[in-house]
Amino acid sequence: MPRRCVTSAAMTEQRPSYDPSTVEKRWQAAWAKERAFCTTGRGEPFYVLEMFPYPSGDLHMGHVRNYTIGDVFARYTRMQGRDVLHPMGWDSLGLPAENQAILEKVAPQVRTPKNIERMKAQMQRLGLAYEWERELATYQPEYYRWNQWFFIKFLERGLVYRRETQVNWCPGCNTVLANEQVKDDFVCWRGHPGVTTRTVPEWAFRITAYAEELLKDLDQLGAWPERIVTQQRNWIGKSTGARVRFEVVGRSDVIEVFTTRVDTIFGCTYVVLAPEHALALKVTTPELRPQVQAFIDKMRQKDRIERTAAGAPKEGVFTGAMAKNPYTGEAVPIWLANFVLADYGTGAVMSVPAHDQRDFEFATLNALPIRPVIYPKDGAALPSPLEAATTDDGIVKGSAQFSDLDSATARDKMAAFAKERGFGEAAITWHLRDWGFSRQRYWGTPIPIIYCDDHGAVPVPEAELPVRLPDFDAIELTGQGGAPLAKLPAFYDSKCPTCGKKARRETETMDTFVDSSWYYARFLSAHDDAVVVSKAEAAKWLPVDVYVGGPEHAVMHLLYFRFWHKVMRDLGLVTSDEPVTRLITQGMVNASAFRCPTHGYVKAAEMREQKEAAHVCPKCGKALVVAVEKMSKSKYNGIDPMDLIETYGADTARLYTLFAAPPEKDLEWNPEGVDGLYRFAGRVHRVLAVHGERVRDAVLPKSQAGLPAADAEVRSALHRTLAKVTDEVGVRNHFNTAIAAMMELVNTLTDHRLHEEACPIGAGVIREVLLTFGQMLCPFAPHLAEELWAGAGGDGLVCHSTWPKADPQAVAKEIITVAIQVNGKLRGQIQVSTSAAAPEVIRAAKSDENVSRHLTGKTVKKEVYVPGRLVNFVVSG
RNA sequence: GCGAGCGUGGCGGAAUUGGCAGACGCGCUGGACUUAGGAUCCAGUGGGCAAAACCCAUGAGGGUUCGAGUCCCUCCGCUCGCACCA
């Protein structure tokens, strides 16, 4: 990227040119000295929050975008007179830090604060308006002790429990693996073969206890992006239907199935259990046991994702056992199949191949009978034989007393019948599962539990919190062999809080989603040792007014923290039902990536400096594939924000990220586009450089009255821009068009030669331009804004000034342009007074030369006048 | 497969309630200033035409309307999310 030099005009005239680094450092120092971004206690509270980062050590462009968007809200709202809370912290526990520690042999306790310091300096260099006094970091015991406190509170309320869960298990590493750590053929990411699934105990939050409320309250989230709400709704996945119990023929066992289509149950021709189902092997007849056992083992080898992927071939095995359909008394075969999930519904389904596509495919594959019982409402016949399942509702046939009912009615009556006879009932099933949060990792919050032989799992008494993580040096961290803390007797040897006998401390740590589920509340009482959050502060600030972050958190973080908020409410800590009123999800930051089909990605920065013809692989000379992709290290298409700031300054970096795309859309990084914003900043600065000294004491015009025509025009343009920017920022949150409006203003200023010494505009108007421009620019380019404000003699800091109000008189137009259409086609434009009435405008329109040409010889059938906009003559002939 | 979103100049994007399509920026073209220009300033820039006028143009096709980028229907393409959820 070329370093831009100063303008020759400024140089020859010995005027200070735009030098962002000097300007920005000056104002950053001033803000720090004044503690400029602290809450004031004056004005209506407004809480702006951005998703806090993992402190990797360096900001990337995604951060810059995220935090700049938040900063615009914070700064603008403060200028509206609100008491703005805008804090920042560090999501500093978790796997990345632990892996880095293993790799570098540096303790995360040492590395993390250094990374934080570095990243914080970068944020300050960007001019972000944070109240650093409230800074928090989740790795600090002062923070994670409240994770432990919450754990105990949740435990008391039955919202934490111990359960058995299926995980991927690598016998080579002797540890649990995430799905993405398991490669094909059951080989782990380190190369060990034989990865299998295993049942292990873990701690889980009973988020499903809040499923109904999490679903219902989505209706309150009108200011959330629709797609996030939809994703949450799908994820929660409420499903209404019925449970029905089938007796196993000749045994006392009962198979319970869940179905949303109980109306089809007379068409049930077999029953399928998940391979993990408790009865799977139990009901199997002795002669079929070897096959069934082999099938179960095979399924156990595969992880859930692979086994249940849509499109995976359906596999199954007959158990030899039969089950009795309680509605018909008919005995149907019991099968096991890969596509039935153990942890959804009851882990068993009734199969109606005529009316369920999966059942249809499975039945076809295994020559099981297909029996239609639902017929089209219009009386049409079903194809025979069926080529696919018919899944629509219809009229029930061949179903005893339920025959001839429509599907919906049949479902109600059949569920009621089951309830009456005691073999079933209406039921609801959720896609949402409880949240397992045990991690066999070191760099996390220790779970405050002590296992006693006599008293079981006993919570650590509150007074003994926090349970601190032992020093890193005390542990041999390898990423293998299960929970690291389980290798440290000094950590786990303890005494039972109940009886004092020798006991063992829990060695698992918590998922880091726990940390981020309530940090927004902790900012309100960041230094309070007595309570996690003070009720008064919570009542004052919550819910968060604007929350800005990436859409990738749609269903994990954003669901967990909604859950946590509701529990905090039930604990009496907060009063609102939802944590965040308004959510802004910003798009990705993309850039061209250059890839050789053989040798992989090539550094984009080097390619950009070459002509297009030279975009060839340096190794083989083949043409490179160019595609716009998300910035990332591995694709060599990233832009380092700090390089950008060094070249252009923080203001230009901010302006570009806001201008190039609206917040919610993906942003394509165009290195040349940045120049345009630098030019804009330079042109604004130039007006100050040329006139600042001269006009800083000038008297501001109070109105349009008495201004020379050119002055009045400039002032009108200024106030129109102000009105536009106020609307775009405050109402529509379209920052790109707000900046475009300011660019238009600069163009107008240039038309009136405000960039020249010999400018005919009066000093008072120029001063008003500089001051107001400074205020409008403040949320976007805050340093340049301060420079304008101070240079034009404004009082104090511009970021503390009150957002100006557009002068209606200056905004109003006396003459407007009205478009004239004939049959909807533009034929002319006329200038009319705003006070002109419709007949007058229409008369003027008809007398326009070009328009009258199109009207002659025609009959005007209709005249449409949209006041102030257009006239349309509908003609014929 | 289901759900959501999006298709507008060479590019990023604008068009707020159905009312002058292409604001603003990039790029490009020409000019001024200049030893120089990758700085700055000025002018131009959707396509057709030398051109006023006119015609065409918002993924494709149809519809509603005085008027459609915007609303409705059908289709095509792209992106994201979920993915055998009984």
Side-chain angles (χ1 to χ4, degrees), chain A residues 2 4-11 17 225-231 233-235 237 239 241 257-261 272 305 307-312 314 337-341 343-352 356-359 361-362 429-431 551-552 554-555 587-588 655-656 659-662 664-677 679-680 682-683 686 727-728 731-732 734 736-744 746-747 750 755-756 817-829 850 853 861-866 868-875:
Chain A
R4 297 301 169 201
C5 58
V6 293
T7 70
S8 62
M11 274 164 74
S17 61
E226 181 64 34
R227 65 191 193 104
I228 303 290
V229 172
T230 304
Q231 277 185 59
R233 183 168 286 122
N234 293 343
W235 190 262
S239 178
V257 304
F258 173 77
T259 178
T260 53
R261 293 296 304 273
V272 186
I305 293 193
R307 198 191 91 197
T308 62
K314 290 185 171 45
N338 59 338
F339 64 90
V340 175
L341 309 176
D343 55 357
Y344 183 78
T346 59
V349 300
M350 64 169 210
S351 290
V352 184
D356 181 287
Q357 188 55 31
R358 292 157 303 179
D359 296 344
E361 288 169 25
F362 193 76
T429 294
W430 303 87
H431 174 240
E552 66 275 16
V555 285
M588 292 186 293
L655 284 168
Y656 181 73
F659 178 74
E664 310 256 346
K665 291 181 77 172
D666 286 353
L667 185 159
E668 186 186 328
W669 196 268
N670 173 7
E672 285 163 332
V674 183
D675 289 330
L677 278 296
R679 241 169 264 161
F680 165 67
R683 291 173 79 192
R686 181 153 179 203
D727 183 53
E728 295 291 350
V731 180
R732 306 209 314 150
H734 286 193
N736 54 335
T737 49
I739 293 168
M742 289 189 276
M743 287 174 165
E744 281 187 80
V746 172
N747 292 342
T750 304
H755 60 295
E756 293 174 24
T817 305
V818 174
I820 319 295
Q821 298 179 338
V822 178
N823 281 348
K825 291 196 191 265
L826 186 68
R827 298 303 180 191
Q829 292 188 331
N850 199 39
R853 212 158 52 78
K861 293 201 305 191
K862 192 172 175 183
E863 291 164 348
V864 180
Y865 177 48
V866 182
R869 288 191 172 269
L870 63 69
V871 174
N872 189 16
F873 296 110
V874 185
V875 302

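Please read all numbers here as calculations on a predicted model, not as lab measurements.
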Undergrad: Heavy atoms only: give me the nearest A:Ile739-A:Leu677 pair and the separation to one decimal.
TA: CG2-CD1, 4.2 Å
Undergrad: Provide the distance between the two C1' atoms, one in B:rG63 and one in B:rU70, to the nearest whole Å.
TA: 15 Å
Undergrad: Give me the distance, rounded to whole Å, that separates B:rG59 from B:rU8 when you measure between the P atoms they each carry.
TA: 6 Å
Undergrad: List for me each residue that meets salt bridge (Lys or Arg N to Asp or Glu O under 4.0 Å) alongside A:Asp359, sequence neighbours excluded, and say none if there are none.
TA: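 Salt bridge (Lys or Arg N to Asp or Glu O under 4.0 Å) list for A:Asp359, sorted by chain: empty.
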Undergrad: Over all strands shown, is A:Thr750 touching base, sugar-phosphate only, or nothing at heavy-atom distances under 4.0 angstrom?
TA: sugar-phosphate
Undergrad: Any chance you could measure A:Tyr865, atom OH, to A:Asn872, atom CG, to the nearest 0.5 Å?
TA: 13.5 Å
Undergrad: Using whole Å, what does the distance between atom C1' of nucleotide B:rU16 and atom CG of A:Asp727 come to?
TA: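 Distance check: A:Asp727 CG to B:rU16 C1' gives 7 Å.
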Undergrad: Once you apply a heavy-atom cut-off of 4.0 Å, does A:Pro662 come out as touching a base, just sugar-phosphate, or nothing?
TA: sugar-phosphate
Undergrad: Strictly distance-based, threshold 3.5 Å: is any side-chain N or O of A:Asn823 a donor or acceptor partner for the main-chain N or O of A:Val875?
TA: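 Flag set: sc A:Asn823 to bb A:Val875 pair under 3.5 Å.
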Undergrad: Going from NE2 on A:His755 to OG1 on A:Thr750, what distance comes out if it is rounded to the nearest 0.5 angstrom?
TA: 5.5 Å
Undergrad: Using atom P of each nucleotide, how far apart are B:rC71 and B:rG5 to the nearest Å?
TA: 12 Å
Undergrad: Once each nucleotide of nucleotides 51-58 of chain B is scored for protein heavy atoms under 4.0 Å, what B/S/- sequence comes out, 5' to 3'?
TA: --SSSS--
Undergrad: Got a sec, which residues hit side chain to side chain contact (heavy atoms under 4.5 Å, CB included) with A:Ala740, two or more places apart in sequence or on another chain?
TA: A:Phe659
Undergrad: Mark up nucleotides 22-30 of chain B, 5' to 3', with B wherever a protein heavy atom is under 4.0 angstrom from a base atom, S wherever such an atom reaches only the sugar-phosphate, and - elsewhere.
TA: -BBSSS---
Undergrad: Separation of A:Leu667 atom CG from B:rA14 atom P, in whole Å?
TA: 11 Å
Undergrad: For A:Glu664 and A:Pro225, work out which heavy atoms get closest and say how close.
TA: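 Closest heavy-atom pair between A:Glu664 and A:Pro225: OE1-CG, 4.0 Å.
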Undergrad: Compare all side-chain heavy atoms of A:Pro551 with those of A:Ile228 and state whether any distance is below 4.5 angstrom.
TA: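 Yes. Closest side-chain heavy atoms under 4.5 Å.
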Undergrad: Which whole number of Å gives the distance between the P atom of B:rA21 and that of B:rG69?
TA: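 Comparing P positions in B:rA21 and B:rG69 gives a spacing of 8 Å.
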Undergrad: Counting only side-chain N and O atoms of A:Arg358, is one of them less than 4.0 Å from OP1 or OP2 of B:rC85?
TA: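 It does, given that an N or O in the side chain of A:Arg358 lies less than 4.0 Å from OP1 or OP2 of B:rC85.
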Undergrad: Using the test salt bridge (Lys or Arg N to Asp or Glu O under 4.0 Å), find all partners of A:Glu361 that sit at least two apart in sequence or belong to another chain.
TA: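 Per chain and number, A:Glu361 pairs via salt bridge (Lys or Arg N to Asp or Glu O under 4.0 Å) with A:Lys314.
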Undergrad: Taking for each residue the nucleotide of RNA chain B bearing the nearest heavy atom, is the 5' side occupied by A:Glu756 or by A:Gly828?
TA: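 Counting from the 5' end, the first nearest nucleotide belongs to A:Gly828.
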Undergrad: With A:Trp235, which residues qualify under ring-ring contact (aromatic ring centres under 6.0 Å, His included), at least two apart?
TA: A:His431
Undergrad: Please list each protein N or O that sits under 3.5 Å from an N or O in nucleotides 64-70 of chain B, with the distance.
TA:
{"from": "B:rC66", "atom 1": "O2'", "to": "A:Asn872", "atom 2": "ND2", "distance (Å)": "3.2"}
{"from": "B:rC66", "atom 1": "O2", "to": "A:Asn872", "atom 2": "ND2", "distance (Å)": "2.6"}

Undergrad: Convert the base pairs of RNA chain B into dot-bracket notation, remembering that pairs crossing earlier ones are written with [ ] and that bases paired across to another strand are shown as |; include only Watson-Crick or G-U pairs under 3.5 Å.
TA: (((((((..(((......[....)))((((((.......))))))(((.....)))..(((((..]....))))))))))))....
Undergrad: What integer number of Å spans the C1' atoms of B:rC78 and B:rA68?
TA: 24 Å
Undergrad: How many whole angstroms separate atom CZ of A:Arg869 from atom P of B:rG18?
TA: 12 Å
Undergrad: Just the table, please: protein N/O against nucleotides 4-10 of chain B N/O, every pair under 3.5 Å.
TA:
none

Undergrad: Would you name the heavy atoms of A:Val257 and A:Thr346 that are closest together and state the gap between them?
TA: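 The answer is CA-OG1, 3.3 Å.
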Undergrad: Just confirming the chi classification of B:rG25, syn or anti, using 90° around 0 as the syn window.
TA: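 For B:rG25, whose glycosidic angle is more than 90° from 0, the conformation is anti.
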Undergrad: Which part of the nucleic acid, if any, lies within contact of A:Glu728, taking any heavy atom under 4.0 Å across all strands shown: a base, the sugar-phosphate backbone alone, or nothing?
TA: base
Undergrad: What interatomic distance, in whole Å, is found between P of B:rG46 and the corresponding atom of B:rA52?
TA: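 One P to the other, the span is 13 Å.
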Undergrad: Could you list the residues that satisfy ring-ring contact (aromatic ring centres under 6.0 Å, His included) with A:Phe680, not counting sequence neighbours?
TA: none
Undergrad: Tell me: CD of A:Glu552 to C1' of B:rU79, nearest whole Å?
TA: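 Spelled out: CD on A:Glu552 to C1' on B:rU79 is 15 Å.
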Undergrad: Provide, to the nearest angstrom, the distance between the CG atom belonging to A:Asn234 and the C1' atom belonging to B:rC2.
TA: 8 Å
Undergrad: Determine whether a donor-acceptor pair (N or O, by modelled atom type, separation under 3.5 Å) exists between the side chain of A:Asp666 and the backbone of A:Met588.
TA: yes
Undergrad: Look at the side chain of A:Arg732 and decide which nucleotide, out of B:rU16, B:rA83, B:rC84, has an atom nearest to it.
TA: B:rU16
Undergrad: In whole angstrom, what separates A:Asp343's CG from B:rA86's C1'?
TA: 13 Å
Undergrad: How about A:Glu728 and A:Thr737: does a side-chain donor come under 3.5 Å of a side-chain acceptor?
TA: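 Looking only at side-chain atoms, A:Thr737 and A:Glu728 do form a donor-acceptor pair, the distance falling under 3.5 Å.
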Undergrad: For B:rC76 versus B:rC49, give the span between their P atoms, rounded off to a whole number of Å.
TA: 35 Å
Undergrad: Does A:Glu863 have any side chain to side chain contact (heavy atoms under 4.5 Å, CB included) partners at least two apart in sequence or in another chain, and if so, which?
TA: A:Ile842, A:Lys846, A:Val860, A:Phe873
Undergrad: Taking salt bridge (Lys or Arg N to Asp or Glu O under 4.0 Å) as the definition, give me every residue that meets it alongside A:Arg227, ordered by chain and number, with sequence neighbours left out.
TA: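 Result, salt bridge (Lys or Arg N to Asp or Glu O under 4.0 Å) vs A:Arg227: none returned.
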Undergrad: Provide the distance between the two C1' atoms, one in B:rG12 and one in B:rG7, to the nearest whole Å.
TA: 15 Å
Undergrad: Whole angstroms only, please: what is the CD-C1' distance between A:Gln829 and B:rG19?
TA: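 Going from CD in A:Gln829 over to C1' in B:rG19 covers 13 Å.
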Undergrad: Looking only at side-chain atoms of A:Leu870, point me to the closest of B:rG19, B:rC85, B:rG12.
TA: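 So the nucleotide nearest the side chain must be B:rG19.
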Undergrad: Answer yes or no: does a side-chain N or O of A:His734 lie under 4.0 Å from OP1 or OP2 of B:rA15?
TA: yes
Undergrad: Run the side chain to side chain contact (heavy atoms under 4.5 Å, CB included) test on A:Asn747 and A:Arg683 for me, step by step, so that the C-alpha distance in whole Å, both residues' side-chain angles and the decisive distance to 0.1 Å come before the verdict.
TA: CA-CA 9 Å; A:Asn747 292 342; A:Arg683 291 173 79 192; 3.2 Å; yes
Undergrad: Within the distance-only criterion (no hydrogens, no angle test), does the side chain of A:Tyr656 pair as donor or acceptor with the backbone N or O of A:Asn670 below 3.5 angstrom?
TA: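 Looks like yes, one N/O pair under 3.5 Å.
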Undergrad: What is the separation between atom CD on A:Gln231 and atom C1' on B:rU79, rounded to the nearest whole Å?
TA: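 It works out to 13 Å between those atoms.
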